[in-house]
Number of protein chains: 2
Amino acid sequence: MATQPMRPPLKPVAAHSAFGDLSPAIVRELETVSLTNHYPTGAVLFSEGQAPRGIYLVESGLVKLSVCASDGRTLILRIAQTGEALGVASTIGARDYEATAEAQQPCDVTFIRQSDVLRMMRVHGEFALWITQLLSRDYNSTCREIRTLMLSGSASEKLARLLVGWLDDRPASSHPTRMKVPLTHEEIGQMIGTSRETVTRLMAGFRKQRMIAQEGATLVVSNRLALESLITA
Amino acid sequence: MATQPMRPPLKPVAAHSAFGDLSPAIVRELETVSLTNHYPTGAVLFSEGQAPRGIYLVESGLVKLSVCASDGRTLILRIAQTGEALGVASTIGARDYEATAEAQQPCDVTFIRQSDVLRMMRVHGEFALWITQLLSRDYNSTCREIRTLMLSGSASEKLARLLVGWLDDRPASSHPTRMKVPLTHEEIGQMIGTSRETVTRLMAGFRKQRMIAQEGATLVVSNRLALESLITA
DNA sequence: CCCTCATGGTGATTGAGATCACACACAGCT
DNA sequence: AGCTGTGTGTGATCTCAATCACCATGAGGG
């Protein structure tokens, strides 16, 4: 749980500019209106229900996107990585932020004000298309999320899906069966919509069946196929 | 359940053009590349997993957007109404359609090819912004969906949410407590992620407690506040 | 007119998982 | 050392809703 009152922007950082494949002229203009900040773990970039200020581009680190109910229960929509954009839909549509964004690790994040985003979209079709592609990625991943959350019967299936999903969208460089998992069981539960205890029990079950093993904070998927066989149900 | 093989486009219709507030020049150009068709109930506009062909603008009628699991269970993402756009994210991002779109009532739907969408977005920043606003609406409503589906504990809360939600996003003209519900209990169940029987029982319970009443296919919400008190949990 | 199929209505049974209630391990403090 | 806090591991219950099973209704169609 984040310590609620955490003043957002801290030490500015040299802009490495993960502006992708935009043309140099546009990148130059963006650099004049963007601002890259560093956030420590737990810092809140924006909160559910706030009026949109602009968009956030993750340059490094991990950012947790979550929504929460009045009774305190929380659902983590996704953990955004380098290259992902946050708050795009709300900024474009002028609707309140739908989720809360919180640094899951120390992050560098570039901010662009709403007015600048809208102005540049009008002027540069290429930039508009780029933004829209970011948004469409968000949309697609959200659809996937809703599908796996609702159409996967058992909690064990959801967990298995999450684990193999993690294996897949990691940099191809690293070892294909080992990964660091910087999430507590509580947070994993919030990702798949189950209680912390259920996550603990399922992980224990997976371990007992030699599907996974743990070495400190590193998770080793020792039998990926067995995990995958839990999917589909 | 839709009769699977249903050839899409049928009788062309005069384009009333729900192109919103776009400038006349752009509307004129759009009219040269768009095509409005009529679809009977049950017709499939596109299916989950297909390569994107373009975007669909609902001119009249209702279109059901759903995803389904391998075991046949189905989740209805939303029922799109006049003015809504379908397939935008997939068309922009060049990813397969995430859902299946099926005419829930006889519909008129305008189609624009992917290549035309992308070309016009590059050329006309205003058009790009318009498209992005459509997409951001989709995104926001999908976030709402995921929130109510996952963060509402009981099935009765989800159903209550659905009903009052329906009351709200209806044309302000009609009677505020009466509405036609063109959905079966099965379909309602697919919207809130519960079984048909549970929907039947809940509706019976609501009726017994005088929260709602039914007059044929028309639903009367006789005690909206009682329904709303079920929300929050 | 009877048949059939889709839908609505209800009971009985069952199970997966939430919840409550602990105990344990391993930090980082002072 | 001792404390405190956060994360994990596990048992015992309990509850909601899925599931199975069946009947009623009503519309359409030969």
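None of these values were measured; they are calculated from a predicted model. A, B, ... follow the sequence lines: proteins, then strands. Residue 1 opens every chain.
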Neighbour count above 12 (heavy atom, 6.0 Å) for A:R144 CZ: no
Out of [options], which has the shortest distance to the side chain of [X]?
X      : options                : answer
A:T194 : D:dT10, D:dC20, C:dA18 : C:dA18
B:E197 : D:dA17, D:dT19, C:dA21 : D:dT19
B:T200 : C:dC20, C:dG8, C:dA18  : C:dG8
B:R201 : C:dA21, D:dA17, C:dA12 : C:dA12

Check this for me: does any side-chain nitrogen of one of B:R78 and B:E145 sit under 4.0 Å from a carboxylate oxygen of the other? no
Salt-bridge criterion met for A:E215 and A:K180 (N-O under 4.0 Å): no
Base, sugar-phosphate or nothing for [X]? Non-hydrogen atoms, less than 4.0 Å.
X      : answer
A:G205 : nothing
A:S195 : base
A:T198 : sugar-phosphate

Ignoring backbone atoms, test whether A:H185 places a side-chain nitrogen or oxygen under 4.0 Å from the OP1 or OP2 oxygen of D:dG9. yes
Please determine whether any donor N or O and acceptor N or O are separated by less than 3.5 Å between the side chain of A:R196 and the base of D:dT6. no
Measure distances between side-chain N and O atoms of B:R207 and base N and O atoms of C:dG9, and say whether any donor-acceptor pair falls under 3.5 Å. no
B:T36 side chain to B:D108 side chain, donor-acceptor N/O pair below 3.5 angstrom: no
